[in-house]
Visitor: 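Have a look at this one.
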Amino acid sequence: MLVTSDKTASPGPRAVRSALPWVTTASRLVLGGVLIVAGWGKIGTPVLSVQAVKAYDLLPESLATVVGYGLPIMEIVVGVLLVVGLLTRVAGVISALLMLAFVIGIASAWARGLRIDCGCFGGGGQLAAGVEPSYLVDILRDFGLFALGVVIAWFPPGRFALDSVLGVTSAREPDSYDTDDTDDTDGAEGDGIEGDDGEPLQKENH
Amino acid sequence: MGKAARDQSARDRIKAQREAERKQEQRKRMTTIATVVVVALAAVGAGWWYSIQSGQSEETTTALAPITVQSDGSVVMAKAGVDKPVLDVYEDFQCPICRELDKTSGPTVKNLAAEGKVKVVYHPITIFGEGVVRDNSVRAGAAARCVPDGRQWMAYHDKLFEEQPPETVEGFKTGELVEWGKEAGVTAPGFEQCVTSQQHAKAHADYSNAQIESAQIQGTPTLKLNGTALGNEAFNPSQLRQAILDAAK
(Lines give C-alpha, C1' and ligand atoms only; values in the text may rest on other atoms or scores of the structure.)
Protein backbone atom coordinates (compact mmCIF):
# COMPACT_ATOMS: atom_id res chain seq x y z
CA MET A 1 0.00 0.00 0.00
CA LEU A 2 1.18 3.42 -0.86
CA VAL A 3 0.73 5.73 2.05
CA THR A 4 3.56 8.11 1.37
CA SER A 5 2.97 11.40 -0.25
CA ASP A 6 5.65 13.32 -2.05
CA LYS A 7 6.26 15.62 0.84
CA THR A 8 6.76 13.00 3.47
CA ALA A 9 8.91 10.90 1.21
CA SER A 10 11.07 13.71 -0.04
CA PRO A 11 14.58 13.43 1.26
CA GLY A 12 16.62 16.38 2.33
CA PRO A 13 16.42 19.15 4.87
CA ARG A 14 13.59 21.57 5.26
CA ALA A 15 15.22 24.32 3.18
CA VAL A 16 15.45 22.07 0.18
CA ARG A 17 11.85 21.10 0.58
CA SER A 18 10.64 24.66 0.75
CA ALA A 19 12.69 25.61 -2.30
CA LEU A 20 11.35 22.71 -4.28
CA PRO A 21 8.04 24.27 -5.37
CA TRP A 22 10.02 27.15 -6.81
CA VAL A 23 12.28 24.76 -8.67
CA THR A 24 9.18 23.19 -10.16
CA THR A 25 7.81 26.58 -11.11
CA ALA A 26 11.07 27.62 -12.77
CA SER A 27 11.21 24.30 -14.61
CA ARG A 28 7.64 24.76 -15.78
CA LEU A 29 8.35 28.22 -17.14
CA VAL A 30 11.53 27.20 -18.95
CA LEU A 31 10.23 23.95 -20.40
CA GLY A 32 6.81 25.41 -21.20
CA GLY A 33 8.36 28.47 -22.80
CA VAL A 34 10.68 26.43 -24.98
CA LEU A 35 7.80 24.17 -26.06
CA ILE A 36 5.62 27.12 -27.01
CA VAL A 37 8.41 28.76 -29.02
CA ALA A 38 9.24 25.47 -30.72
CA GLY A 39 5.62 24.74 -31.58
CA TRP A 40 4.97 28.27 -32.75
CA GLY A 41 7.93 28.12 -35.13
CA LYS A 42 6.43 25.10 -36.82
CA ILE A 43 2.67 25.36 -36.74
CA GLY A 44 2.22 27.74 -39.68
CA THR A 45 4.29 25.63 -42.05
CA PRO A 46 3.24 22.00 -41.68
CA VAL A 47 4.84 21.21 -45.03
CA LEU A 48 8.21 21.94 -43.49
CA SER A 49 7.56 20.20 -40.22
CA VAL A 50 6.52 17.05 -42.08
CA GLN A 51 9.77 17.29 -44.07
CA ALA A 52 11.73 17.78 -40.87
CA VAL A 53 10.23 14.59 -39.44
CA LYS A 54 10.90 12.71 -42.65
CA ALA A 55 14.52 13.89 -42.61
CA TYR A 56 15.10 11.64 -39.59
CA ASP A 57 14.15 8.70 -41.74
CA LEU A 58 12.68 6.90 -38.73
CA LEU A 59 8.93 6.89 -39.21
CA PRO A 60 6.89 5.56 -42.10
CA GLU A 61 5.52 8.22 -44.41
CA SER A 62 1.98 8.33 -43.04
CA LEU A 63 3.10 8.52 -39.42
CA ALA A 64 5.66 11.20 -40.26
CA THR A 65 2.85 13.27 -41.75
CA VAL A 66 0.71 12.85 -38.64
CA VAL A 67 3.62 13.85 -36.41
CA GLY A 68 4.46 16.78 -38.68
CA TYR A 69 0.94 18.13 -38.38
CA GLY A 70 0.27 17.13 -34.78
CA LEU A 71 3.53 17.82 -32.97
CA PRO A 72 3.54 21.64 -33.20
CA ILE A 73 0.11 22.02 -31.61
CA MET A 74 0.94 19.34 -29.04
CA GLU A 75 4.01 21.31 -28.04
CA ILE A 76 2.05 24.52 -27.76
CA VAL A 77 -0.78 23.02 -25.71
CA VAL A 78 1.54 21.14 -23.35
CA GLY A 79 3.70 24.25 -23.09
CA VAL A 80 0.73 26.39 -22.11
CA LEU A 81 -0.42 23.80 -19.54
CA LEU A 82 3.06 23.87 -18.01
CA VAL A 83 3.29 27.64 -17.88
CA VAL A 84 -0.08 28.06 -16.19
CA GLY A 85 0.37 24.94 -14.10
CA LEU A 86 -2.67 22.98 -15.17
CA LEU A 87 -2.61 19.18 -15.12
CA THR A 88 0.98 19.80 -14.20
CA ARG A 89 1.98 16.24 -13.57
CA VAL A 90 0.49 14.91 -16.79
CA ALA A 91 1.98 17.79 -18.78
CA GLY A 92 5.34 17.15 -17.13
CA VAL A 93 5.23 13.47 -18.04
CA ILE A 94 4.22 14.19 -21.65
CA SER A 95 6.91 16.81 -22.11
CA ALA A 96 9.57 14.57 -20.57
CA LEU A 97 8.55 11.78 -22.95
CA LEU A 98 8.63 14.19 -25.88
CA MET A 99 12.13 15.32 -24.98
CA LEU A 100 13.27 11.75 -24.56
CA ALA A 101 11.91 10.95 -28.01
CA PHE A 102 13.75 13.95 -29.46
CA VAL A 103 17.01 12.90 -27.79
CA ILE A 104 16.63 9.40 -29.21
CA GLY A 105 15.74 10.72 -32.65
CA ILE A 106 18.70 13.09 -32.83
CA ALA A 107 21.11 10.52 -31.42
CA SER A 108 19.90 8.03 -33.98
CA ALA A 109 20.35 10.52 -36.83
CA TRP A 110 23.85 11.19 -35.56
CA ALA A 111 24.68 7.51 -35.22
CA ARG A 112 23.48 6.80 -38.74
CA GLY A 113 25.65 9.57 -40.09
CA LEU A 114 22.75 11.65 -41.41
CA ARG A 115 23.43 15.30 -42.01
CA ILE A 116 20.27 17.09 -40.99
CA ASP A 117 19.07 20.00 -38.97
CA CYS A 118 17.02 18.83 -35.99
CA GLY A 119 14.10 21.00 -37.08
CA CYS A 120 13.47 21.61 -33.42
CA PHE A 121 12.27 25.17 -33.79
CA GLY A 122 11.04 25.04 -37.37
CA GLY A 123 12.47 24.54 -40.81
CA GLY A 124 12.42 21.50 -43.01
CA GLY A 125 15.33 19.63 -41.48
CA GLN A 126 17.85 20.50 -44.16
CA LEU A 127 21.16 22.08 -43.32
CA ALA A 128 22.06 25.34 -44.98
CA ALA A 129 25.16 25.26 -47.15
CA GLY A 130 28.35 25.09 -45.15
CA VAL A 131 26.55 24.46 -41.84
CA GLU A 132 27.57 21.48 -39.74
CA PRO A 133 24.97 19.48 -37.81
CA SER A 134 24.75 20.45 -34.15
CA TYR A 135 23.73 17.09 -32.75
CA LEU A 136 25.61 17.31 -29.47
CA VAL A 137 24.22 20.72 -28.58
CA ASP A 138 20.71 19.61 -29.53
CA ILE A 139 20.97 16.45 -27.48
CA LEU A 140 22.34 18.24 -24.42
CA ARG A 141 19.62 20.86 -24.63
CA ASP A 142 16.83 18.34 -25.01
CA PHE A 143 18.26 16.17 -22.27
CA GLY A 144 18.31 19.16 -19.96
CA LEU A 145 14.69 19.84 -20.85
CA PHE A 146 13.89 16.18 -20.24
CA ALA A 147 15.35 16.55 -16.73
CA LEU A 148 13.11 19.58 -16.14
CA GLY A 149 10.13 17.49 -17.26
CA VAL A 150 11.06 14.83 -14.72
CA VAL A 151 11.30 17.41 -11.96
CA ILE A 152 7.87 18.73 -12.88
CA ALA A 153 6.31 15.29 -13.03
CA TRP A 154 7.88 14.37 -9.73
CA PHE A 155 7.10 17.48 -7.72
CA PRO A 156 3.97 19.07 -9.16
CA PRO A 157 2.56 21.61 -9.29
CA GLY A 158 4.95 24.17 -7.77
CA ARG A 159 4.09 27.76 -6.91
CA PHE A 160 1.76 29.82 -9.06
CA ALA A 161 -0.07 26.87 -10.47
CA LEU A 162 -3.70 26.88 -11.54
CA ASP A 163 -3.81 23.30 -10.30
CA SER A 164 -3.64 24.62 -6.74
CA VAL A 165 -6.08 27.45 -7.37
CA LEU A 166 -8.67 25.15 -8.93
CA GLY A 167 -8.05 22.44 -6.38
CA VAL A 168 -6.86 19.90 -8.91
CA THR A 169 -4.09 19.07 -6.55
CA SER A 170 -5.75 19.68 -3.23
CA ALA A 171 -4.06 22.50 -1.38
CA ARG A 172 -4.18 20.46 1.82
CA GLU A 173 -1.74 17.65 1.63
CA PRO A 174 -3.37 14.32 1.01
CA ASP A 175 -1.78 12.84 4.15
CA SER A 176 -5.03 12.84 6.05
CA TYR A 177 -6.94 11.44 3.11
CA ASP A 178 -5.14 8.52 1.65
CA THR A 179 -6.02 5.98 4.27
CA ASP A 180 -8.82 4.16 2.55
CA ASP A 181 -9.37 5.97 -0.68
CA THR A 182 -9.69 3.67 -3.62
CA ASP A 183 -12.10 5.95 -5.37
CA ASP A 184 -12.51 5.15 -9.04
CA THR A 185 -11.67 8.47 -10.58
CA ASP A 186 -8.86 9.58 -8.35
CA GLY A 187 -6.74 6.68 -9.41
CA ALA A 188 -6.58 7.80 -13.01
CA GLU A 189 -4.18 10.62 -12.41
CA GLY A 190 -2.79 9.90 -9.02
CA ASP A 191 -1.99 6.26 -8.53
CA GLY A 192 -0.26 5.34 -11.73
CA ILE A 193 2.17 8.17 -11.68
CA GLU A 194 2.64 8.18 -7.96
CA GLY A 195 3.54 4.53 -8.23
CA ASP A 196 6.25 5.50 -10.67
CA ASP A 197 7.53 8.00 -8.18
CA GLY A 198 7.80 5.47 -5.42
CA GLU A 199 10.58 3.50 -6.95
CA PRO A 200 13.23 6.13 -7.58
CA LEU A 201 12.50 7.71 -4.25
CA GLN A 202 13.28 4.47 -2.49
CA LYS A 203 16.48 4.14 -4.44
CA GLU A 204 17.52 7.54 -3.22
CA ASN A 205 16.88 6.55 0.34
CA HIS A 206 19.47 3.79 0.33
CA MET B 1 -28.53 9.19 26.21
CA GLY B 2 -25.18 8.87 27.98
CA LYS B 3 -22.30 11.22 27.37
CA ALA B 4 -20.21 8.55 25.75
CA ALA B 5 -22.98 7.73 23.34
CA ARG B 6 -23.54 11.39 22.50
CA ASP B 7 -19.85 11.82 21.82
CA GLN B 8 -19.87 8.77 19.68
CA SER B 9 -22.78 9.96 17.57
CA ALA B 10 -21.23 13.41 17.24
CA ARG B 11 -18.03 11.81 16.06
CA ASP B 12 -19.99 9.74 13.57
CA ARG B 13 -21.82 12.79 12.31
CA ILE B 14 -18.59 14.69 11.87
CA LYS B 15 -17.05 11.73 10.14
CA ALA B 16 -20.01 11.39 7.80
CA GLN B 17 -19.97 15.10 7.09
CA ARG B 18 -16.27 15.02 6.34
CA GLU B 19 -16.80 12.06 4.13
CA ALA B 20 -19.51 13.94 2.21
CA GLU B 21 -17.31 17.03 1.89
CA ARG B 22 -14.48 14.92 0.67
CA LYS B 23 -16.68 13.23 -1.91
CA GLN B 24 -17.92 16.59 -3.10
CA GLU B 25 -14.44 17.97 -3.36
CA GLN B 26 -13.45 14.90 -5.28
CA ARG B 27 -16.32 15.42 -7.71
CA LYS B 28 -15.42 19.05 -8.17
CA ARG B 29 -11.83 18.10 -8.79
CA MET B 30 -12.78 15.53 -11.39
CA THR B 31 -15.04 18.02 -13.12
CA THR B 32 -12.21 20.52 -13.28
CA ILE B 33 -9.77 17.95 -14.63
CA ALA B 34 -12.27 16.74 -17.20
CA THR B 35 -12.95 20.32 -18.30
CA VAL B 36 -9.27 21.09 -18.69
CA VAL B 37 -8.70 17.87 -20.63
CA VAL B 38 -11.59 18.64 -22.96
CA VAL B 39 -10.37 22.19 -23.53
CA ALA B 40 -6.82 20.96 -24.15
CA LEU B 41 -8.04 18.38 -26.66
CA ALA B 42 -10.19 21.01 -28.36
CA ALA B 43 -7.12 23.24 -28.62
CA VAL B 44 -5.16 20.38 -30.17
CA GLY B 45 -7.96 19.87 -32.65
CA ALA B 46 -8.13 23.56 -33.49
CA GLY B 47 -4.36 23.69 -33.94
CA TRP B 48 -4.46 20.66 -36.17
CA TRP B 49 -7.12 22.29 -38.30
CA TYR B 50 -5.05 25.48 -38.44
CA SER B 51 -2.03 23.46 -39.58
CA ILE B 52 -4.02 21.84 -42.34
CA GLN B 53 -5.34 25.21 -43.46
CA SER B 54 -1.83 26.62 -43.42
CA GLY B 55 -0.57 23.93 -45.75
CA GLN B 56 -3.54 24.13 -48.08
CA SER B 57 -2.57 24.81 -51.69
CA GLU B 58 -4.48 26.94 -54.15
CA GLU B 59 -5.88 25.48 -57.32
CA THR B 60 -4.41 26.71 -60.57
CA THR B 61 -7.57 28.08 -62.06
CA THR B 62 -6.71 30.39 -64.90
CA ALA B 63 -4.31 29.86 -67.78
CA LEU B 64 -0.66 30.42 -66.92
CA ALA B 65 1.04 33.72 -67.61
CA PRO B 66 3.40 33.69 -70.62
CA ILE B 67 6.57 31.75 -69.89
CA THR B 68 9.91 32.47 -71.54
CA VAL B 69 13.04 30.35 -71.36
CA GLN B 70 16.02 32.73 -71.34
CA SER B 71 19.43 32.11 -72.82
CA ASP B 72 21.12 31.71 -69.42
CA GLY B 73 18.71 28.94 -68.47
CA SER B 74 16.51 30.94 -66.14
CA VAL B 75 12.82 31.06 -66.94
CA VAL B 76 10.54 34.06 -66.69
CA MET B 77 6.81 33.79 -66.06
CA ALA B 78 4.95 37.09 -66.19
CA LYS B 79 2.13 38.82 -67.97
CA ALA B 80 3.21 41.31 -70.58
CA GLY B 81 4.23 44.57 -68.96
CA VAL B 82 4.53 43.20 -65.44
CA ASP B 83 8.09 43.78 -64.28
CA LYS B 84 7.65 44.12 -60.53
CA PRO B 85 7.60 42.87 -57.94
CA VAL B 86 10.07 40.16 -58.88
CA LEU B 87 9.95 36.75 -57.26
CA ASP B 88 13.14 34.76 -57.82
CA VAL B 89 12.75 31.03 -57.26
CA TYR B 90 16.00 29.12 -56.71
CA GLU B 91 15.29 25.43 -56.77
CA ASP B 92 16.95 22.10 -57.33
CA PHE B 93 15.03 19.30 -59.03
CA GLN B 94 16.61 16.80 -56.64
CA CYS B 95 15.84 18.65 -53.40
CA PRO B 96 12.86 17.19 -51.52
CA ILE B 97 11.87 20.45 -49.90
CA CYS B 98 11.87 22.13 -53.31
CA ARG B 99 9.40 19.51 -54.43
CA GLU B 100 7.24 20.20 -51.39
CA LEU B 101 7.44 23.92 -52.03
CA ASP B 102 6.43 23.45 -55.64
CA LYS B 103 3.53 21.27 -54.59
CA THR B 104 2.39 23.60 -51.81
CA SER B 105 3.06 27.09 -53.05
CA GLY B 106 3.63 26.54 -56.77
CA PRO B 107 -0.04 27.07 -57.64
CA THR B 108 -0.11 30.35 -55.67
CA VAL B 109 2.92 31.62 -57.57
CA LYS B 110 1.42 30.62 -60.90
CA ASN B 111 -1.92 32.21 -60.06
CA LEU B 112 -0.35 35.47 -58.97
CA ALA B 113 1.69 35.63 -62.15
CA ALA B 114 -1.44 34.96 -64.16
CA GLU B 115 -3.22 37.72 -62.25
CA GLY B 116 -0.42 40.08 -63.26
CA LYS B 117 0.66 40.63 -59.66
CA VAL B 118 4.22 39.39 -59.93
CA LYS B 119 7.03 38.57 -62.33
CA VAL B 120 8.45 35.16 -61.48
CA VAL B 121 11.98 34.09 -62.41
CA TYR B 122 12.82 30.41 -61.98
CA HIS B 123 16.47 29.54 -61.46
CA PRO B 124 16.92 25.77 -61.61
CA ILE B 125 20.27 25.15 -59.94
CA THR B 126 22.23 22.30 -58.43
CA ILE B 127 22.86 22.95 -54.77
CA PHE B 128 24.39 19.58 -53.91
CA GLY B 129 28.16 19.53 -53.89
CA GLU B 130 28.97 15.91 -54.51
CA GLY B 131 27.81 12.33 -54.81
CA VAL B 132 24.90 10.61 -56.46
CA VAL B 133 22.57 13.34 -55.35
CA ARG B 134 24.58 15.93 -57.29
CA ASP B 135 24.74 13.77 -60.41
CA ASN B 136 20.96 13.31 -60.34
CA SER B 137 20.43 17.01 -59.95
CA VAL B 138 22.78 18.00 -62.76
CA ARG B 139 21.21 15.49 -65.16
CA ALA B 140 17.74 16.86 -64.47
CA GLY B 141 18.88 20.47 -64.64
CA ALA B 142 20.68 19.88 -67.91
CA ALA B 143 17.64 18.10 -69.33
CA ALA B 144 15.35 21.02 -68.48
CA ARG B 145 17.61 23.21 -70.60
CA CYS B 146 16.68 21.08 -73.60
CA VAL B 147 13.13 22.49 -73.56
CA PRO B 148 13.00 25.82 -75.39
CA ASP B 149 9.23 26.34 -75.18
CA GLY B 150 8.11 28.05 -71.99
CA ARG B 151 4.83 26.25 -71.51
CA GLN B 152 6.44 22.89 -72.16
CA TRP B 153 9.28 23.81 -69.84
CA MET B 154 6.81 24.40 -67.01
CA ALA B 155 5.08 21.10 -67.66
CA TYR B 156 8.46 19.34 -67.63
CA HIS B 157 9.50 21.23 -64.49
CA ASP B 158 6.40 20.03 -62.66
CA LYS B 159 6.89 16.52 -63.99
CA LEU B 160 10.49 16.37 -62.78
CA PHE B 161 9.43 17.29 -59.26
CA GLU B 162 6.66 14.71 -59.37
CA GLU B 163 9.11 12.02 -60.41
CA GLN B 164 11.88 13.09 -58.04
CA PRO B 165 13.98 10.07 -56.99
CA PRO B 166 15.28 9.52 -53.45
CA GLU B 167 18.47 11.37 -52.61
CA THR B 168 20.44 8.22 -51.93
CA VAL B 169 20.13 6.28 -55.18
CA GLU B 170 20.86 6.99 -58.79
CA GLY B 171 17.83 8.52 -60.44
CA PHE B 172 16.86 11.01 -63.13
CA LYS B 173 18.50 8.63 -65.60
CA THR B 174 18.66 10.00 -69.12
CA GLY B 175 16.21 7.40 -70.43
CA GLU B 176 13.67 8.41 -67.81
CA LEU B 177 14.28 12.09 -68.43
CA VAL B 178 13.52 11.62 -72.14
CA GLU B 179 10.41 9.62 -71.41
CA TRP B 180 9.04 12.10 -68.86
CA GLY B 181 9.70 14.88 -71.34
CA LYS B 182 7.51 13.18 -73.87
CA GLU B 183 4.84 12.57 -71.27
CA ALA B 184 4.94 16.25 -70.33
CA GLY B 185 4.41 17.17 -73.97
CA VAL B 186 7.89 18.31 -74.97
CA THR B 187 8.03 18.53 -78.77
CA ALA B 188 11.47 20.05 -79.43
CA PRO B 189 13.03 17.96 -82.22
CA GLY B 190 16.49 17.62 -80.67
CA PHE B 191 15.16 16.93 -77.16
CA GLU B 192 16.07 13.26 -76.87
CA GLN B 193 19.57 13.74 -78.22
CA CYS B 194 20.05 16.83 -76.07
CA VAL B 195 19.08 15.00 -72.89
CA THR B 196 20.94 11.79 -73.67
CA SER B 197 24.17 13.56 -74.51
CA GLN B 198 23.78 15.84 -71.49
CA GLN B 199 24.62 18.66 -73.82
CA HIS B 200 23.94 21.39 -71.26
CA ALA B 201 25.41 19.73 -68.16
CA LYS B 202 28.36 22.10 -67.98
CA ALA B 203 26.26 25.18 -68.70
CA HIS B 204 23.90 24.14 -65.93
CA ALA B 205 26.69 23.52 -63.42
CA ASP B 206 28.38 26.80 -64.26
CA TYR B 207 25.11 28.69 -64.01
CA SER B 208 24.44 27.06 -60.63
CA ASN B 209 27.79 28.06 -59.22
CA ALA B 210 27.46 31.58 -60.53
CA GLN B 211 23.98 31.96 -59.03
CA ILE B 212 24.93 30.45 -55.68
CA GLU B 213 27.79 32.92 -55.56
CA SER B 214 26.11 36.05 -56.81
CA ALA B 215 22.73 35.60 -55.12
CA GLN B 216 24.34 34.14 -52.00
CA ILE B 217 22.14 31.08 -51.95
CA GLN B 218 22.51 29.14 -48.68
CA GLY B 219 20.23 26.34 -49.67
CA THR B 220 17.33 25.43 -51.85
CA PRO B 221 14.58 26.31 -52.11
CA THR B 222 15.19 30.03 -51.75
CA LEU B 223 12.51 32.51 -52.72
CA LYS B 224 13.53 36.11 -53.08
CA LEU B 225 10.92 38.81 -53.28
CA ASN B 226 12.45 41.95 -54.74
CA GLY B 227 15.84 40.59 -53.74
CA THR B 228 14.97 39.79 -50.13
CA ALA B 229 14.88 36.14 -49.15
CA LEU B 230 11.52 34.97 -47.83
CA GLY B 231 11.41 32.85 -44.71
CA ASN B 232 9.09 30.01 -43.87
CA GLU B 233 6.09 31.97 -45.09
CA ALA B 234 7.03 30.70 -48.55
CA PHE B 235 5.58 27.37 -47.46
CA ASN B 236 2.30 28.88 -46.33
CA PRO B 237 0.34 29.69 -49.49
CA SER B 238 -1.90 32.32 -47.97
CA GLN B 239 1.01 34.10 -46.25
CA LEU B 240 3.03 33.92 -49.46
CA ARG B 241 0.18 35.40 -51.45
CA GLN B 242 -0.13 38.21 -48.95
CA ALA B 243 3.60 38.92 -48.98
CA ILE B 244 3.61 39.16 -52.77
CA LEU B 245 0.48 41.31 -52.88
CA ASP B 246 2.02 43.63 -50.26
CA ALA B 247 5.15 43.93 -52.38
CA ALA B 248 3.00 44.70 -55.43
CA LYS B 249 1.44 47.75 -53.79
Side-chain angles (χ1 to χ4, degrees), chain A residues 39-52 54-55 57 65-66 68-78 80-81 84 86-87 90-91 94 117 122-131 162-163 165-172 176-177 180-181 183-186 188-190, chain B residues 18-19 22-23 25-37 39-57 95-101 103-105 127-129 166-168 212 216-222 231-240:
Chain A
W40 192 252
K42 290 186 282 230
I43 191 164
T45 50
V47 181
L48 285 178
S49 78
V50 169
Q51 278 303 310
K54 282 184 185 163
D57 214 1
T65 307
V66 170
Y69 276 87
L71 183 61
I73 184 61
M74 271 290 280
E75 290 179 317
I76 292 175
V77 168
V78 172
V80 168
L81 288 177
V84 302
L86 260 180
L87 306 184
V90 177
I94 294 176
D117 176 85
Q126 63 169 357
L127 286 171
V131 175
L162 279 183
D163 273 349
V165 177
L166 298 177
V168 173
T169 16
S170 47
R172 282 172 287 171
S176 51
Y177 291 150
D180 61 348
D181 194 357
D183 210 3
D184 44 354
T185 40
D186 186 37
E189 199 216 357
Chain B
R18 270 196 173 174
E19 183 70 11
R22 201 176 64 84
K23 279 268 153 60
E25 200 167 295
Q26 196 88 54
R27 263 199 305 277
K28 205 184 127 207
R29 189 168 159 240
M30 290 327 297
T31 313
T32 310
I33 291 176
T35 310
V36 174
V37 167
V39 171
L41 289 179
V44 168
W48 196 292
W49 183 83
Y50 173 75
S51 266
I52 287 174
Q53 294 308 308
S54 301
Q56 200 80 51
S57 298
C95 126
I97 303 186
C98 301
R99 182 193 59 203
E100 294 305 315
L101 179 74
K103 208 161 69 183
T104 311
S105 298
I127 192 75
F128 301 104
E167 287 176 284
T168 44
I212 289 169
Q216 300 192 328
I217 303 300
Q218 303 289 315
T220 51
T222 295
N232 289 347
E233 69 261 42
F235 292 86
N236 182 319
S238 58
Q239 284 178 18
L240 176 63

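Convention: sequence-line order gives letters A, B, ...; per-chain numbering from 1. These numbers come from a predicted model, not from an experiment.
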Visitor: Relative to chain A, which of B/V39, B/V36, B/N236 shows the most heavy atom pairs under 4.5 Å?
Guide: B/V36
Visitor: Side chain, backbone, both or neither: which part of A/L162 has a non-hydrogen atom closer than 4.5 Å to chain B?
Guide: neither
Visitor: So which heavy atom on B/I97 is nearest to which on A/G124, and how close?
Guide: CD1-O, 3.4 Å
Visitor: With a 4.5 angstrom heavy-atom cut-off, which part of B/I212 approaches chain A: side chain, backbone, both or neither?
Guide: neither
Visitor: Within the structure provided, determine whether B/T104 and A/T45 are in side-chain contact (heavy-atom separation under 4.5 Å).
Guide: no
Visitor: Under a 4.5 Å cut-off applied to non-hydrogen side-chain atoms, are B/W48 and A/V66 in contact?
Guide: yes
Visitor: Using non-hydrogen atoms only, which part of B/Y50 is less than 4.5 Å away from chain A: side chain, backbone, both, or neither?
Guide: side chain
Visitor: Can you tell me how far CG of A/L127 sits from CD of B/Q218, rounded to the nearest 0.5 angstrom?
Guide: 12.0 Å
Visitor: How many angstroms lie between CG in A/D163 and CD1 in B/I33, if you round to the nearest 0.5 Å?
Guide: 7.5 Å
Visitor: Considering only heavy atoms from C-beta outward, does the side chain of B/L101 approach that of A/V47 to under 4.5 Å?
Guide: no
Visitor: Going by side-chain hydrogen bond (donor to acceptor under 3.5 Å, both in side chains), name the residues that satisfy it together with A/E75, two or more places apart in sequence or in a different chain.
Guide: A/K42
Visitor: Please identify, among A/L48, A/L166, A/V77, the residue contributing the most non-hydrogen atom pairs under 4.5 Å to chain B.
Guide: A/L48
Visitor: Which region of B/P221, side chain (C-beta onward) or backbone (N, CA, C, O), has a non-hydrogen atom less than 4.5 Å from a non-hydrogen atom of chain A, or is it both or neither?
Guide: both
Visitor: State whether the side chain of A/Q126 and the backbone N or O of B/T220 hold a donor-acceptor pair below 3.5 Å, judged by distance alone.
Guide: yes
Visitor: Between the side chain of B/S51 and the main-chain N/O of A/I43, is any donor-acceptor distance below 3.5 Å?
Guide: yes
Visitor: Looking only at heavy atoms, which two atoms of A/P46 and B/S54 are closest? And how far apart?
Guide: CD-CB, 3.9 Å
Visitor: Taking everything shown except B/Q56 itself, do over 12 heavy atoms lie less than 6.0 Å from its CD?
Guide: yes
Visitor: Give me the atom names and distance for the closest heavy-atom approach of B/P96 to A/Q51.
Guide: CB-OE1, 3.8 Å
Visitor: With a 4.5 angstrom heavy-atom cut-off, which part of A/V84 approaches chain B: side chain, backbone, both or neither?
Guide: neither
